[in-house]
Structures are given as structure tokens and as C-alpha cells.
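Notes to accompany the following structure.
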Amino acid sequence: MLDPLADKLLISVALLVMVQENMIGSWIAVIIIGREILITAIRMVATEQGIALAADQYGKLKMVLQVAAIIAILLGNYPFHLLTDIRVDMALLWMAAGITLLSGMNYIRVNYKMLQLGK
């Protein structure tokens, strides 16, 4: 298993390459990468305060959907295009973006009171 920061870096690089190659819109990459930067910053503040913030079920689902979407996009929607005209790769990406936003908001909501922000 990779270091959690390495996972985030690989996801971010894959998204940036896909934006560069016009495979996805840049706004999706901004949502996903922006969430990772924000949550990583929160975790760094927590670590400085001696608080360990664990990933929750939404964060784990987020990672699974992001990886599935990236793989499906890089494979050109294969094998899904053999079965349906629906762009499953894009549906996975939309789900990944949605759960990314949801998990980020939930992470902040759950952990905000634990952090001594502004002190």
C-alpha cells in the first residue's frame, strides 16, 4: 500500500494529465485536487496540535470512485462502450466529484470542533 500522500499525488497527476489531454474538464480536477489540499492542510494543523484525524467511510469511497473513474477514462470507457452507449467513465467521474465534495464537507463538519483553529 502506498503512503496516503503518494495516493493523493498520483490521483492529482493523473487528473492534471487528463486535463492537459482534454479528457476531462479542469473544474473537476480543481474540485478533487482542491479538496485534497484543504483536507491535508487540516490534517497538518491537527498533527501540530497532537490530534490524529482518521479517514472516514466517505473518504474511502471517494478514493475508490476516483480510481475507478480514472481507470475507466484512461481505458476510453472500455469495456463499458461494448455494453452500453452510456459514458460510464464520465458517470464515475461525476460520482467521484460529488462524493469528493460531500466527503470534504463531512470531514470538516466532524473534525472542526476538535481543532483549535485561530488560537
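On a predicted model such as this, the values are computed, not experimentally measured, just so you know.
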Q) Honestly curious: do Leu102 and Val110 fall in one hydrophobic cluster under the side-chain, below-4.5 Å linking rule? A) no
Please list every donor-acceptor pair under 3.5 Å in which a side-chain atom of residues 60-76 meets a protein atom from a residue at least two apart or in another chain.
{"residue": "Lys62", "atom": "NZ", "partner": "Glu36", "partner atom": "OE2", "Å": "2.8"}
{"residue": "Gln66", "atom": "NE2", "partner": "Thr100", "partner atom": "OG1", "Å": "3.0"}

**Q.** Shortest non-hydrogen contact from Ser103 toward Gly59
**A.** CB-N, 4.0 Å
Q: Could you note down all residue pairs passing salt bridge (charged side-chain N to carboxylate O under 4.0 Å, His left out) where residues 83-108 supplies at least one of them, sequence neighbours left out?
A: Arg87-Asp89
Q.
Please evaluate residues Ile39 and Ile42 with respect to the criterion side-chain contact (heavy atoms from CB on, under 4.5 Å), reporting the C-alpha separation (whole Å), side-chain torsions for both, the decisive distance (0.1 Å), and the verdict.
A. CA-CA 5 Å; Ile39 299 305; Ile42 289 171; 4.3 Å; yes
Q: Could you tell me the separation between the CE atom of Met44 and the CD atom of Glu48, rounded to the nearest 0.5 Å?
A: 6.5 Å
Q. Hey, mind stepping through Met23 and Val19 against side-chain contact (heavy atoms from CB on, under 4.5 Å) and telling me if it holds?
A. CA-CA 6 Å; Met23 299 170 85; Val19 167; over 6 Å; no
Q: Using the test side-chain hydrogen bond (donor to acceptor under 3.5 Å, both in side chains), find all partners of Tyr58 that sit at least two apart in sequence or belong to another chain.
A: none
Q.
When you group the ILVMFWY residues by side-chain heavy-atom contacts below 4.5 Å and let the links chain together, are Met90 and Ile32 in the same group?
A. yes
Q: Please indicate whether Ile86 has more than 12 foreign heavy atoms, meaning atoms of other residues, nucleotides or ligands, lying under 6.0 Å from its CD1.
A: no
Q | Selection residues 17-40 - residue pairs positive for ring-ring contact (aromatic ring centres under 6.0 Å, His included), sequence neighbours left out | A | Trp27-Trp94
Q) Does any non-hydrogen side-chain atom of Val45 lie less than 4.5 Å from one of Ile51? A) no
Quick one: side chains of residues 10-18, donor-acceptor pairs under 3.5 Å with protein atoms, not counting sequence neighbours, listed by atom name and distance.
{"residue": "Ser12", "atom": "OG", "partner": "Lys8", "partner atom": "O", "Å": "2.8"}

Q | Listed partners of Asp56 passing side-chain hydrogen bond (donor to acceptor under 3.5 Å, both in side chains), at least two apart | A | Asn106
Q. Just how far is it from atom CD1 of Ile24 to atom CG of Leu93, taken to the nearest 0.5 Å?
A. 5.5 Å
Q) Quick one: do Ile33 and Ile28 end up in the same hydrophobic cluster if we chain Ile, Leu, Val, Met, Phe, Trp and Tyr together by side-chain heavy atoms under 4.5 Å apart? A) yes
